[in-house]
Amino acid sequence: MLFALLCKDKPGHLDVRMETRPTHLAYLDKLNAEGKLSMAGPFLDDEGKACGSLVLVKAETAQEAKTLADADPYTQAGLFESVEIKPFNWVFNKPEA
């Protein structure tokens, strides 16, 4: 099952995002190699700067998706103001379809 992780950065934490980015990307690479990552990327503010993340993961349960979200270096660094986890049904332009 797919889950969307909708992550909103804390205001004024762009420096935390940039400092943590290399370990965050390594974590996403690991999830990708394990077949657990479908897609990921940042939300952008009006100035084009990252202000959150959308991560689409494959997990058996919402709890497993939460465990993946909690292990993200961005989460562990305290970057996110909130992380919402929602089941997702990818209908259009799904690569495997």
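By convention here, the first residue in the shown sequence is residue 1.
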Short side-chain to backbone donor-acceptor contact, H24 and P22, under 3.5 Å: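 Not a single qualifying donor-acceptor pair exists.
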Main-chain N/O of R17 paired to T20 side chain as donor or acceptor, under 3.5 Å: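 Not a single qualifying donor-acceptor pair exists.
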[X], [Y]: one ILVMFWY side-chain cluster at the under-4.5 Å cut-off?
X: F88; Y: V57; result: no
X: L37; Y: W90; result: no
X: L54; Y: L31; result: no
X: M39; Y: L5; result: no

How many angstroms lie between [atom1] in [X] and [atom2] in [Y], if you round to the nearest 0.5 Å?
X: M1; Y: K58; atom1: CE; atom2: NZ; result: 14.0 Å
X: D9; Y: S53; atom1: CG; atom2: OG; result: 6.0 Å
X: D45; Y: L14; atom1: CG; atom2: CG; result: 8.0 Å
X: E64; Y: F3; atom1: CD; atom2: CZ; result: 8.0 Å
X: Q76; Y: Y27; atom1: CD; atom2: OH; result: 8.0 Å
X: E34; Y: K30; atom1: CD; atom2: NZ; result: 4.0 Å

Measure the shortest side-chain to side-chain distance between [X] and [Y] over non-hydrogen atoms and say whether it is less than 4.5 angstrom.
X: K49; Y: L44; answer: no
X: L2; Y: N89; answer: no
X: F43; Y: L6; answer: yes

Identify every side-chain donor-acceptor pair in residues 78-87 under 3.5 Å, counting partners at least two apart or on other chains, and give the distances.
unit_1 : atom_1 : unit_2 : atom_2 : d
E81    : OE2    : K8     : NZ     : 3.2
E84    : OE2    : K86    : NZ     : 3.3

Flag if over 12 foreign heavy atoms under 6.0 Å of NZ, K10: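 Buried by this count: over 12 neighbours within 6.0 Å.
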Non-hydrogen atoms of A59 and A65 that approach each other most closely: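 Result for this residue pair: CB-N, 3.8 Å.
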